[in-house]
Q: 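Structure in structure tokens, see below.
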Amino acid sequence: MTSGSADSKRIIVALDYPDPAQALAMADRLDSTLCRVKIGKELFTRAGPALVEQLSARGFEVFLDLKFHDIPNTVAAACTAAADLGVWMMNVHAQGGRRMLEAARESVERFSSRPRLIAVTVLTSLDDAELREIGFHDSAAMLVERLAALTAESGLDGVVCSAREAASLRARHGAGFTLVTPGIRPGGGAQDDQRRVMTPAEAVRNGSDYLVIGRPITGAADPVAVLHAIRAEIAGICN
Ligand code: C5P
């Protein structure tokens, strides 16, 4: 698997809109040669596969962020359905366990141009106290390491992680393991509801391959100008 650092489109713009018309209007202000786009649960539940097709027709590669988490057979079928849509990347939840992860990986391997398949480890909304409440007695940091290792052993392409976790995951799993990091804020920008943010350059230095960025771009007066600025900030940084 090619490392993201060789990729010219490392910014994934999160299209977090309730309405497909708004998502398409934003896509029409972006440039598919400069970025990819992410569709999450709200937008997909409202807009469905048609939106993936419409974005693909505009030249965008789509990260379908639905975090599948179910029995292996069901997740494998859902991954096949997503791969049939021609998405560039999709994800599952590593807490579904080894057999679920392997079933997901096998389902996408059948495609000649297969999507990247990554896993979510521990939701960043969960703190150690909440994890204990649901029966996890390792710290969030230990669980992330454990579930990232399980993801790698199961043959998936990488994980979604915070840029703070990226350095240790990169050191442990090497260049071929894709690290996708949200929680990115260009220097001096508003944090919104993100708690622990990193700048694009810090994230890439820590080993991030792909930066998921929403409001700093979608809320900007000139989204393409922000895209250019972030691309310039990370250009040439090796990880
Ligand atoms: O607007 P902002 O840049 O905060 O958007 C970040 C995107 O990344 C959102 O779609 C959010 O749901 C997603 N995300 C996140 N933190 C995670 C996982 C996903 O912010 N741990």
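Ligands are counted one by one from 1 in listed order, and the atoms in each one are counted from 1 as well.
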Q: Between R195 and D127, is the closest basic N to carboxylate O distance under 4.0 Å?
A: no
Q: Once you restrict to heavy atoms under 4.0 Å, what part of S162 touches ligand 1? Side chain, backbone, both or neither.
A: neither
Q: Taking only non-hydrogen atoms of D16, do any sit less than 4.0 angstrom from ligand 1?
A: yes
Q: Kindly say whether D209 contributes a backbone atom to a donor-acceptor pair with the side chain of R10 at under 3.5 angstrom?
A: yes
Q: Does R116 come within less than 4.0 Å of D157, counting only side-chain N to carboxylate O?
A: no
Q: Write out the residue and atom name of the closest protein heavy atom to atom 21 (N) of ligand 1, then the distance separating them to 0.1 Å.
A: T124 OG1, 2.7 Å
Q: In the protein, what heavy atom is nearest to atom 18 (C) of ligand 1, and what distance, to one decimal place, separates them?
A: P182 CG, 3.6 Å
Q: I would like to know whether I39 and L51 meet side-chain contact (heavy atoms from CB on, under 4.5 Å); could you show each step before the answer?
A: CA-CA 9 Å; I39 300 179; L51 181 65; 4.0 Å; yes
Q: Going by the order shown, which atoms of ligand 1 are within less than 4.0 Å of some heavy atom of R215?
A: 1 (O), 2 (P), 3 (O), 4 (O)
Q: Tell me the protein heavy atom at minimum distance from atom 6 (C) of ligand 1, and give that distance in Å.
A: Q194 NE2, 3.8 Å
Q: Under 4.0 Å from a heavy atom of A14: give me the atoms of ligand 1 that qualify, with their elements.
A: 7 (C), 10 (O)
Q: Within a distance under 4.0 Å of any heavy atom of V212, pick out the atoms of ligand 1 and give their elements.
A: 7 (C), 8 (O)
Q: Any luck finding a side-chain donor-acceptor pair between S32 and R58 under 3.5 Å?
A: no
Q: In terms of side-chain geometry, is the basic nitrogen of R36 or D7 positioned less than 4.0 Å from the acidic oxygen of its partner?
A: yes
Q: Atoms of ligand 1 less than 4.0 Å from P216 heavy atoms?
A: 3 (O)
Q: Which heavy atom of the protein is the closest neighbour of atom 12 (O) of ligand 1, given with residue, atom name and distance?
A: K38 NZ, 4.3 Å
Q: For atom 2 (P) of ligand 1, what's the nearest protein heavy-atom neighbour? Residue, atom name and distance, please.
A: R185 NH2, 3.4 Å
Q: Any salt bridge linking E109 with R114? Criterion: basic side-chain nitrogen under 4.0 Å from a carboxylate oxygen.
A: no
Q: Hey, looking at atom 5 (O) of ligand 1, which of G214, G40, S125 has the closest heavy atom?
A: G214
Q: Can a salt bridge be assigned to the pair D193 and R215 using a cut-off of 4.0 Å between side-chain N and carboxylate O?
A: yes
